[in-house]
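Labels below follow one simple rule: chain letters A, B, ... track the order of the sequence lines, proteins then strands, and each chain is numbered from 1.
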Amino acid sequence: MTQPMIKFQADKTLLTSFGKQQLEIAFELEQGQLLTLYGASGAGKTTILRILSGLTEVRAGKIVVDGETWQDTQRRINVPTRRRSIGFVFQDFALFPNLSVKENLRYALQKGDDTRLMEELIELMELGPLQDVRPAFLSGGQQQRVALARAIIRKPKLLLLDEPLSALDDDMRRRLQDYIEKIRRHYELTTILVSHDLPEILRLSDEVIWLDRGKIRQQGPPGLVFPSHSLNPRIPGI
Amino acid sequence: MRSWSILDLVNKQSSAQMLKITMTDWQPLWLSFRLASITTVILLAISLPLAYWLAYSRRRIKAVIEALISLPMVLPPSVLGFYLLVAFSPSHGLGMFLDKWLDIRLVFTFPGLVVASLFYSLPFMVNPLLSGFKSLPPALREASYTLGKSKLTTLIKILLPNIRSSLLTGIVLSFAHTIGEFGVVLMIGGNIPGQTRVASLAIFDEMESMNYSAANRYALILFLLSFIILAVVYLVNHYFSKPQPLT
């Protein structure tokens, strides 16, 4: 049996529009898989990504990624965000407004890193003509591609995508789903995606966790979690 | 054991400077400019870490620190001047320590003016920087950390370039506010020509001597200088507020 790439367990009090609620989640994920976190607003999806990246603290929890302990509250281990091998695509992309597309990508490189991957990503994401443009002048889809390229450029062990396609129209959404799929397969990235979009989940996911008020309501392959919606997708429970 | 009183000091230093009364008209302006420049540079170095801490720390004590920093904005300058004068006086604790052990005297000296100006103009540097930091989306900082960057790199390469207009506002306001000081510099500096008699005090002196044309010269120069500084700030801020398409 293969060892899981990620072991995650966290316990945290969330302040939501429903008042205080307890986030109690544990899951494991294998190398190269894409896990989707699905659920209503306030269920704790984004909080899980933030805990994984070290941006949000937990009351109790343990995170082991590829054999490295990133967090263990019992042993008082908490690896800072910058030392965790992650790529995070934020919901609003968080591109640096003072840097051009190419500078945003170059910023993510460490000293001495090979710039060939940057050139490769610029080509793969069709960003060539936009290299010297600042983010404020990019469309939503273009910004998303830059954010995705920037998150991948460090070859992270874990790619975290927080509803990256939610603000895009259907056509652009489908094209970017293709990009995500292509990139993920190409670089064998273990990925956690937050999404509300059922067709997107069915298309991209290997595994789905359906969250409900901080707890796992259902977990498994997308066809198992949403059996009646596999052919006729409609968002359930939201 | 020496015994000092503030009046002794005024008399000694003033009489020593009386011989130099034939200074050029530009000296008070030059002193004001020097005081404002030195104060602004030091304030920038102090205020950057202070504003950063106030913007991102979760400590409750920061509300008290913020209130203390902003005090000079509401206090009469004479109140601040009085307490600084007492603190710097060689006959009291801090002033005595500085005078006795470090041979530094802050009452009626230019360095004293600089220290007093640092207190007086601190909110004019800290507050714009604080607003600048707070106006940035938290995701910018977080994105930089997820890309493996330290807090210092994030500050220098991401945060500061994106609060350029706040930086400029802080620098200019501190400079202009220091140029315009009157009450504090009068109390701490003692209006000694060539040493602590800055332009704002020179206007007052010339007025008192009914030398209106000289007062007008100083006043007009300060007026024009202040107007030009503010006009440049607004012009530059207007330029910064427009996103630049290409790098």
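For a residue to count as touching a neighbouring chain, one of its non-hydrogen atoms must lie under 4.5 Å from one of that chain's; by this rule R50(A) touches chain B with the side chain only. For chain B, the nearby part of L95(A) is the backbone; its heavy atoms alone come within less than 4.5 Å. Using a 4.5 Å cut-off between heavy atoms, R154(A) touches chain B through its side chain atoms alone. Only the backbone of L109(A) comes within less than 4.5 Å of a heavy atom in chain B; its side chain stays farther off. Both the backbone and the side chain of F96(A) come within contact range of chain B, each with at least one heavy atom under 4.5 Å from a heavy atom of that chain.
Proximity of L160(A) to T146(B): side-chain heavy atoms (C-beta onward) are nowhere separated by under 4.5 Å. For the pair L140(B)/P97(A), a side-chain contact is recorded, criterion being any heavy-atom separation below 4.5 Å from C-beta on.
A donor-acceptor pair is defined here as one N or O able to donate and one able to accept, closer than 3.5 Å; such a pair exists between the side chain of N98(A) and the backbone of K157(B).
No more than 12 heavy atoms of other residues, nucleotides or ligands shown are found within 6.0 angstrom of CD on E57(A). No more than 12 heavy atoms of other residues, nucleotides or ligands shown are found within 6.0 angstrom of CZ on F82(B). The number of heavy atoms from other shown groups lying within 6.0 Å of OH (Y56(B)) is above 12. Within 6.0 Å of the CZ atom in F33(B), the count of heavy atoms belonging to other residues, nucleotides or ligands does not exceed 12. In K155(A), the NZ atom is not crowded: 12 or fewer heavy atoms of neighbouring residues, nucleotides or ligands sit closer than 6.0 Å. Within a 6.0 Å sphere centred on CD1 of I61(B), other residues, nucleotides and ligands contribute 12 heavy atoms or fewer. Atom OH of Y179(A) has more than 12 neighbouring heavy atoms from other residues, nucleotides or ligands inside a 6.0 Å radius.
Heavy-atom minimum distance, A139(B) versus F90(A): CB-CD2, 4.0 Å. When every heavy atom of Y107(A) is checked against every heavy atom of S144(B), the shortest pair comes out as OH-OG, 2.7 Å. The heavy-atom pair separating R82(A) from S150(B) by the smallest distance is CD-CA, 3.6 Å. The two residues Q110(A) and L147(B) make their nearest non-hydrogen contact at NE2-O, 3.2 Å.
In this structure, OG1 on T81(A) lies 14.5 Å from NZ on K149(B), to the nearest 0.5 angstrom.
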